[in-house]
Amino acid sequence: MTQQRVLVVEDEPDLRTLVAHHLDLAGWQVMEAGSVRESLALARAHVPELVVLDIMLPDGNGIEVCRTLRADVALSATAILLLTARGSEIDRVAGLEAGADDYVVKPFSVRELVLRCRAVLRRRQPAATAAHRWQAHGIALDDQAHTASVDGAPIELTALEFRLLHRFLCHPGVVLTRQRLLEEVWQMRPDLQTRTVDTHVKRLRETLGRAGDAIETVRGLGYRMKPSAP
Ligand code: CA
């Protein structure tokens, strides 16, 4: 198995070196960046499996980096773990809306960070059986052939439902907010049309039949595809 690549984005050199050292010991191939500019360049050049991302950076904000990475199709399989100085609801929700998979609140123990990195990577892995095939809960989707099935039986999806299901399968266990789905599936800026999302998720669940239960409602936030049983 090839070594997984992790990009550590943190502008405090001591903390960055410490984190990089421990992720290296944990067996990952580690790259380091200290700014927004460097982080985007490295992420695009090397397509890491995981980005560990500080929020306060000298030339910008980690949440913006997160949004930029999420908008890049080539990086759709890259997981993002935010390092946040505050554990406030606002930061947590902003991070999730920007597409982060999880976050760790500073100060953290490196041991905890390594465990969280592992958890995020594990959640991402099983969904993709190949770069273009996704599977969970009996649902299978092939984004090259543009086909989908439940328990082996083909299902008919609109182009929009297909993109919606693809988002869920790419992010097992991750809360996808209505705002994020509007941006990523509908390519619209978040506004008051979040009910559109509810309508389409309802329809998608109906189409999926038995497997529709795999998409859970997360009160006050959005939706989540249940992680597959290990
Ligand atoms: Ca910082």
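Note that ligands are numbered from 1 as they come in the structure, with each ligand's atoms numbered from 1 the same way.
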TODO: Flag the pair Leu96 / Arg180 as yes when at least one side-chain heavy-atom distance between them is below 4.5 Å, and no otherwise.
DONE: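 Not in contact.
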Task: Considering all heavy atoms, the nearest Leu182-Val197 contact - done: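 Looking at all heavy atoms of both residues, the shortest contact is CG-CG2, 3.7 Å.
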Task: Shortest non-hydrogen separation from Leu157 to Leu204 and the atoms involved - done: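 Closest heavy-atom pair between Leu157 and Leu204: CD2-CD1, 3.8 Å.
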Open item on the list: How large, to 10°, is the angle at the Ca ion (ligand 1) when you draw lines to O on Met56 and to OD2 on Asp54?
Closed with: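 It is 80°, given to the nearest 10°.
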TODO: Check whether any N, O or S atom of Glu12 sits under 3.0 Å from the Ca ion (ligand 1).
DONE: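 For Glu12, the answer is no, given that no N, O or S atom comes within less than 3.0 Å of the Ca ion (ligand 1).
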Task: Asp11, N/O/S atom nearest the Ca ion (ligand 1) - done: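 This turns out to be OD1.
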- [ ] Count the heavy atoms belonging to other residues, nucleotides or ligands that lie under 6.0 Å from CZ of Arg37, then report whether that count exceeds 12.
- [x]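 No.
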